[in-house]
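Counting from 1, the numbers follow the sequence of the chain as shown.
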Amino acid sequence: KLQFLYFIGNMANVRGGVSGILNECRAELMKAPNCMFASDNTGGVCPEVMEAVRQVNELPAMPSYGECPVTTKTIEVMKKELSLDDAAHIRFVSNGTGGNVLALSLACSRPFHSVVTSKCAHVQTNTVGACENVFGAKMHLLPSPKVVPAELDTLLAHCNETPEFYTLPRVVSITLSTEFGDIYDLNEITAIKEVCSRYNVLLHVDGARIANACVSMMMRGSEGLKPSEIMRRVIALADLVTLGGAKNGLFNAEAVVIKGHVCPSAVEVKAASKQQLLIMSKARYASVQYLAYFTDALWERNASSANGMASFMYETLLAKPSVVHVEVPQTNQLFITVTEEQLKTLQNKYLLYPWGEREGRVVVRVVTSWETGEEGCRKFTDLF
């Protein structure tokens with residue numbers, strides 16, 4: 001009894017102390033280097049999404065594991081917005097690595113199937129070998145930072161000529177946008193898809209920043225298409241898509257699009273999700289975020305704001321004589337070449353990641369998000 005009373009007393013203290021603990025966290029964060037430009041994962045959740053989660057929390061109890069009406073209706077909305085047919089599957093998962101692994105594992109349905117991607121692709125460099133570990137597929141790495149159609153054609157031809165020696169590539173994965181801020185425009189994706197089709201290979205898009213990429217393509221012309229039309233075309237060209245949300249205002253929510261011809265069985269898609277520890281018991285809290293995301297073009301507005309702030313920082317830095325070099329941003333990622341002194345000054349104020357070298361000097365990556373404002377950008381650029 002004494003142990004039980006002690007437990008209850010501690011629980012009461014925790015409940016009453018949430019505000020106090022969070023205030024302590026705030027104080028710690030104010031002393032530490034600012035994280036706002038370290039990644040688009042470091043920011044908060046946009047108000048529209050948080051409001052959607054609040055509203056769904058007020059609904060009555062409902063079926064779990066994605067069988068609830070909220071998830072069903074969200075999928076209906078997404079299929080309409082993305083021009084997907086009824087045979088397509090959409091699964092909600094809590095993280096991008098899980099989404100990529102689920103998609104690629106469904107593509108590589110035989111033990112001799114393999115994945116082709118760039119040596120710099122996120123699925124290769126930042127997932128601790130998740131694909132190899134979960135479904136055992138070999139990763140064929142192309143030498144360029146992006147998947148180049150000519151290099152892809154050479155590899156696929158070579159593997160298909162000698163199947164008794166090499167695993168058979170079954171899916172090509174591209175990252176949109178890449179780890180170095182580059183995008184694949186519609187012409188590039190179409191060219192890659194044409195090579196894939198010649199060898200009966202599927203195309204997967206790791207769309208962690210697909211929203212930023214689609215907005216960027218619109219700004220660069222893309223036949224005068226709107227971002228929503230560009231996204232539909234990208235998804236039409238792909239067979240599998242990991243549709244990122246956490247980097248653009250959502251939290252613990254990513255969506256995976258699997259075309260029906262990849263895996264006709266919804267039961268098998270769900271079984272694979274469960275086996276890979278990706279099924280959420282209360283899926284409505286993830287799916288409702290995408291309902292908000294695709295309402296009134298929220299995804300486009302968030303991505304446009306993030307991209308715009310990266311461009312604003314670029315223009316500001318370009319006018320400063322002390323700036324060694326800054327790459328033109330294609331999305332919401334900015335790459336700045338800095339001196340040792342500048343690096344120390346920046347890292348004293350901000351958490352930043354070195355992203356390679358240029359002419360013997362460090363390149364740092366700066367990432368803006370949906371909530372980045374001009375004031376925050378100016379405080380950063382004023383350090384140069």
Backbone N/O of Asp85 and side chain of Lys259: donor-acceptor pair under 3.5 Å: no

In one Ile/Leu/Val/Met/Phe/Trp/Tyr side-chain cluster, 4.5 Å: Phe180, Met217: no

Ser216 side chain vs Asn212 backbone, donor-acceptor pair below 3.5 Å: no

Met62, CE: over 12 other non-hydrogen atoms inside 6.0 angstrom: yes

Donor-acceptor pair, side chain of Glu254 and main chain of Gly245, under 3.5 angstrom: yes

Positive for side chain to side chain donor-acceptor pair (under 3.5 Å) with Arg209, one of Asp40, Asn248, Thr331: Asp40

Side chain to side chain, Met280 and Ser94, heavy atoms closer than 4.5 Å: yes

Within 6.0 Å of CZ in Arg26, more than 12 heavy atoms from elsewhere: no

CG-CG distance between Asn307 and Leu334, expressed to the nearest 0.5 angstrom: 11.5 Å

Cluster check Leu84, Val93: I/L/V/M/F/W/Y, side chain < 4.5 angstrom: no

Under 3.5 Å donor-acceptor, Ser197 side chain and Lys193 backbone: yes

Lys320 side, atom NZ; Phe384 side, atom CZ - distance, nearest 0.5 Å: 9.0 Å

Same cluster (ILVMFWY, side-chain, under 4.5 Å), Ile90 and Val288: yes

CG on Leu351 to OH on Tyr353, rounded to 0.5 Å: 4.5 Å

Taking every non-hydrogen atom, the tightest pair across Val241 and Ala238: CG2-CB, 3.6 Å

Aromatic plane relationship, Phe335 with Trp355 - under 30° parallel, 30 to 60° tilted, over 60° perpendicular: tilted

Where Ser173 and Leu104 come nearest, the two heavy atoms and their spacing: CB-CD2, 4.3 Å

CA sep, side-chain torsions, deciding dist, call: Thr167, His140, side-chain contact (heavy atoms from CB on, under 4.5 Å): CA-CA 9 Å; Thr167 57; His140 292 283; 3.0 Å; yes

Leu141 side chain reached by Thr117 side chain, heavy atoms, under 4.5 Å: yes

More than 12 heavy atoms of other groups within 6.0 Å of Asp382 CG: yes

Minimum heavy-atom distance between Ile235 and Leu82, given as atom pair plus value: CD1-CD2, 3.6 Å

Side chain Thr339, main chain Gln342, donor-acceptor under 3.5 Å: yes

Under 3.5 Å side-chain donor-acceptor pair for Thr125 and Glu179: no

Test item: side-chain donor near acceptor, Thr242 and His204, under 3.5 Å: yes

Electrostatic pair Lys80:Glu76 at N-O distance under 4.0 angstrom: no

Exercise: do Gln276 and Ser105 side chains pair donor with acceptor under 3.5 Å: yes

Val262 vs Val171 side-chain heavy atoms within contact, under 4.5 Å: no

Chi angles and distances behind the side-chain contact (heavy atoms from CB on, under 4.5 Å) call for Leu155, Val116: CA-CA 9 Å; Leu155 174 68; Val116 180; 3.6 Å; yes

Beyond-backbone contact of Val338 with Val324, side-chain heavy atoms, under 4.5 angstrom: no

Expected output: side-chain Thr372 to main-chain Ser369 donor-acceptor under 3.5 Å: yes

Reported CG-to-NZ distance for the pair Leu152 and Lys146, which is rounded to 0.5 angstrom: 14.0 Å

Verify same cluster id: Leu250, Phe92 (apolar side-chain graph, 4.5 Å): yes

Of Tyr314, Phe312, Tyr350, the residue whose pairing with Phe380 passes ring-ring contact (aromatic ring centres under 6.0 Å, His included): Tyr350

Criterion side-chain contact (heavy atoms from CB on, under 4.5 Å) on Met218 and Lys226, from CA distance to verdict: CA-CA 6 Å; Met218 183 269 293; Lys226 298 177 182 178; 5.5 Å; no

Student check: side-chain heavy atoms of Cys46 and Leu298 closer than 4.5 Å: yes

Residues Glu58, Arg54; criterion salt bridge (Lys or Arg N to Asp or Glu O under 4.0 Å); working and verdict: CA-CA 7 Å; Glu58 294 180 350; Arg54 186 195 67 77; 2.6 Å; yes

Derivation and outcome, side-chain contact (heavy atoms from CB on, under 4.5 Å), residues Arg301 and Glu48: CA-CA 12 Å; Arg301 288 186 279 118; Glu48 295 89 342; 3.8 Å; yes

Within-4.5 Å side-chain heavy-atom neighbours: Leu291 and Lys73: no

ILVMFWY network linking Val45 to Val70, side-chain heavy atoms under 4.5 angstrom: yes

Ser118 side chain to Val147 backbone, donor-acceptor under 3.5 Å: no

Taking every non-hydrogen atom, the tightest pair across Thr175 and Ser177: CG2-O, 3.3 Å

Interatomic distance, Leu22 atom CG to Leu29 atom CG [nearest 0.5 angstrom]: 10.5 Å

Spacing of Ser273 atom OG and Ile258 atom CD1 [to the nearest 0.5 Å]: 6.5 Å

Test item: Arg170 side-chain N/O and Leu202 main-chain N/O as donor-acceptor pair under 3.5 Å: no

Heavy-atom side-chain proximity of Glu359 to Arg361 below 4.5 angstrom: no

Taking every non-hydrogen atom, the tightest pair across Gln330 and Arg220: CA-NH2, 3.2 Å

Atom CD of Glu51: over 12 foreign heavy atoms under 6.0 Å: yes

Leu225 vs Leu186 side-chain heavy atoms within contact, under 4.5 Å: yes

Side-chain donor or acceptor of Glu268 paired with backbone N/O of Cys263 under 3.5 Å: no

Heavy-atom closest contact (Gln347 atom, Leu352 atom, distance): NE2-O, 3.8 Å

Residue from Val77, Thr74, Val49 passing side-chain contact (heavy atoms from CB on, under 4.5 Å) with Tyr290: Thr74

Side chain Asn332, main chain Thr368, donor-acceptor under 3.5 Å: yes

